[in-house]
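Read through the structure below, which is laid out as structure tokens, and then see the notes.
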2 protein chains.
Amino acid sequence: MANGDLITGEFKRTLDDRFRLSLPGEVAGLVSDEQGGTIVVKEQYGCLSLWAADQWQERIDSGVDLIRQKIQAGRMQERWSEVQRLGRLLSTRQTTVKLANRSRLLIPEGFRGFLGVSPNQEVMIVGAVICLEIWNPTAWLETLKQDMPQFNPLFKELTS
Amino acid sequence: MANGDLITGEFKRTLDDRFRLSLPGEVAGLVSDEQGGTIVVKEQYGCLSLWAADQWQERIDSGVDLIRQKIQAGRMQERWSEVQRLGRLLSTRQTTVKLANRSRLLIPEGFRGFLGVSPNQEVMIVGAVICLEIWNPTAWLETLKQDMPQFNPLFKELTS
DNA sequence: CTTGATAGTGGGATTTATACCCATTAGAAT
DNA sequence: ATTCTAATGGGTATAAATCCCACTATCAAG
């Protein structure tokens, strides 16, 4: 993702019968790195978010890196069970995928139920500035209804 | 297990009629050492964990070291029976196995009941960073429900 | 309005992984 | 020794993922 590119836009897509959907060209490039790697994350029920590896790095991966270093430095010896517990959660929360041919994404097996969709169903694709989100339409409407009134105050707060 | 490789990922597998399951290729190599040794450990009811034998040894050694230090510091005098109990558990709750062809693991006899599964049943395979875990699906869901809210605090704590 | 380019979609073909099955071997018990 | 049971070792069918090509709709340019 080129630095400074904000991911925005709202799109409607339909999953095909194999749980694939094609991302809009304008944003597809923004959520995969040079190797074509895209991180898929379970956010809240009904929503998955897609990240380019480098952006992801800043948010989580650097933390994971830190943990890795600590493990190697032997600084986790009294906290194995916590490391294990966190690792477990990391494993369900995120996975790495590669977009296929025409920026087509196959929703990974364990993530389908979380998104709450069946084949041939519609989903919303929403830019969230730093990542791209895939929404179950129902959950999307629900979120909109809840969040929309906060747009103005939020905008003020973030621009002040 | 190559140093620095964290074990992550979530997979669904089915036991065959002889209590065997094939581990995903991506993680199978991470839980056996050069001699092909894998340690199976009873973790909590409904869950077994798999470790590369050499890594496990390191982990135990460092733990034993810690206990030795505490003993020498005179901090265990009131806790001999606990230490003894720990030692006992250390030996009963684990066993060494070798993965067969195609990364196939036979769940050892004494460990099946603990996992709470019957042949032809599904299990979840979950990376826990330092080990790989095999979960009874029900126990896995239960754990997730309980632990997921702690993800953020736990992450903060371990990266601080 | 026509034409051409491009993004999105559907689906056939191929590949791959794994689960299901059966055969053989090993080991224990009688 | 014999029989039974559990472990082990593959062969094969199957389903999912992946690759790839073709069709279509949309939009832009002429």
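Numbers restart at 1 for each chain; the letters A, B, ... are given by sequence-line order, proteins then strands.
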Please report, to 0.1 Å, the donor-acceptor pairs under 3.5 Å made by any side chain of residues 83-94 of chain A, with sequence neighbours excluded.
| from | atom 1 | to | atom 2 | distance (Å) |
| --- | --- | --- | --- | --- |
| A/Gln84 | NE2 | B/Glu43 | OE2 | 3.2 |
| A/Gln84 | NE2 | B/Glu133 | OE2 | 2.9 |
| A/Arg85 | NH1 | B/Gln150 | OE1 | 2.4 |
| A/Arg88 | NE | B/Glu133 | OE1 | 2.5 |
| A/Arg88 | NE | B/Glu133 | OE2 | 3.2 |
| A/Arg88 | NH2 | B/Glu133 | OE2 | 2.8 |
| A/Ser91 | OG | A/Gly87 | O | 3.2 |
| A/Ser91 | OG | B/Gly9 | N | 2.9 |
| A/Ser91 | OG | B/Gly127 | O | 2.6 |
| A/Thr92 | OG1 | A/Arg88 | O | 3.3 |
| A/Thr92 | OG1 | A/Leu89 | O | 3.1 |

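- Shown here for A/Leu50 and A/Cys131, the closest heavy-atom pair between the two residues is O-CB, 3.2 Å.
- The distance between atom CG of A/Asn101 and atom C1' of C/dG11, rounded to the nearest whole Å, is 13 Å.
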Requested in this report: Would you give a per-nucleotide map of nucleotides 25-30 of chain C, 5' to 3', where B means the base has a protein non-hydrogen atom under 4.0 Å away, S means only the sugar-phosphate does, and - means neither?
Outcome: ------
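- Residue A/Arg104 contributes atom CZ, which lies 19 Å from atom P of C/dT6 at whole-angstrom precision.
- A/Trp51 and A/Ser49 share a donor-acceptor pair across their side chains, judged by distance under 3.5 Å alone.
- Shown here are the ring pair (Phe, Tyr, Trp, His ring centres under 6.0 Å) partners of A/Phe111, two or more places apart in sequence or in another chain: there are none.
- A/Lys145 meets the salt bridge (Lys or Arg N to Asp or Glu O under 4.0 Å) test with A/Glu142; sequence neighbours excluded.
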What are the atom names and distances for every N/O pair under 3.5 Å that joins the protein to nucleotides 4-8 of chain D?
| from | atom 1 | to | atom 2 | distance (Å) |
| --- | --- | --- | --- | --- |
| D/dA7 | OP1 | B/Arg112 | NH2 | 3.4 |
| D/dA7 | OP2 | B/Arg112 | NH2 | 3.3 |
| D/dA7 | N6 | B/Arg18 | NH1 | 3.2 |
| D/dT8 | O4 | B/Arg18 | NH1 | 2.9 |

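- In this structure, B/Ile125 atom CD1 and C/dA17 atom P are separated by 15 Å, rounded to whole Å.
- Closest heavy-atom contact between B/Thr14 and B/Asn120: CG2-O, 4.0 Å.
- For the OP1/OP2 pair of C/dA19 and a distance below 4.0 Å, the side-chain nitrogens and oxygens of B/Ser22 include at least one atom meeting the criterion.
- Rounded to a whole Å, the CG atom of B/Leu15 is 9 Å from the P atom of C/dA19.
- A/Leu23 comes within 4.0 angstrom of sugar-phosphate atoms only, judged by non-hydrogen atoms across all strands, and of no base.
- Between the CZ atom of A/Arg102 and the C1' atom of C/dT6 there is a distance of 8 Å, rounded to whole Å.
- D/dT26 atom P lies 16 Å from atom CD of A/Glu26, rounded to whole Å.
- B/Asp54 places no side-chain N or O within donor-acceptor distance of the main-chain N or O of B/Asp33, the cut-off being under 3.5 Å.
- By the 4.5 Å heavy-atom criterion applied to side chains, A/Ile134 and A/Leu105 are counted as neighbours.
- The distance between atom CG of A/Asp16 and atom P of D/dC19, rounded to the nearest whole Å, is 15 Å.
- Look at NZ on A/Lys12: it is 17 Å from C1' on D/dT26, rounded to the nearest Å.
- Residue A/Leu158 shares its hydrophobic cluster (ILVMFWY side chains chained together at separations under 4.5 Å) with A/Leu154.
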